Undergrad: 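After the structure tokens below, expect a handful of questions from me.
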Amino acid sequence: MSTTFCETCRKEVTFSSETASIKAKLKGQEYIFTGKKAICIECGNEVYAADITDENLKSLYNAYRRNK
Ligand SMILES: [Zn+2]
């Protein structure tokens with residue numbers, strides 16, 4: 001299991017990932033795609049996880065390519 005820092009818990013926590021509808025901007029246009037978000041398993045808040053951000057970026061670029 002991966003861990004990340006939770007700003008609410010103020011410590012390293014284990015997170016789970018769940019599917020989420022994500023809105024992001026690329027080259028001035030907004031895209032909505034199915035990505036993931038990391039959730040702290042202790043407090044339930046969204047946390048930052050590099051792996052998940054990477055995956056979301058890939059999904060964003062896929063949405064961008066499909067749109068062209
Ligand atoms: Zn937390």
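Owing to the predicted nature of the structure, the values given are computational and were not obtained by experimental measurement. Both ligands and their constituent atoms are indexed starting at 1 by order of listing.
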Undergrad: Enumerate the protein N/O/S atoms at a distance below 2.8 Å from the Zn ion (ligand 1), ignoring waters.
TA: Cys6 SG, Cys9 SG, Cys40 SG, Cys43 SG
Undergrad: Identify, with sequence neighbours excluded, every residue that meets side chain to side chain donor-acceptor pair (under 3.5 Å) alongside Asp51.
TA: none
Undergrad: Let me know which of Ile52, Asn45, Thr3, Ile41 forms a side chain to side chain contact (heavy atoms under 4.5 Å, CB included) with Phe15.
TA: Ile52
Undergrad: If you apply the rule side-chain contact (heavy atoms from CB on, under 4.5 Å), what do you find for Lys36 with Asn56, and how did you get there?
TA: CA-CA 7 Å; Lys36 278 182 179 174; Asn56 285 340; 4.2 Å; yes
Undergrad: Under the 4.5 Å side-chain heavy-atom rule for ILVMFWY, direct or indirect, which residues accompany Ile22?
TA: Leu26, Tyr31, Phe33, Leu57, Leu60, Tyr61, Tyr64
Undergrad: Considering residues at least two apart in sequence or located in another chain, which fulfil the salt bridge (Lys or Arg N to Asp or Glu O under 4.0 Å) criterion with Glu42?
TA: Lys11
Undergrad: With a 4.5 Å cut-off on side-chain heavy atoms, are Ser59 and Thr34 touching?
TA: no
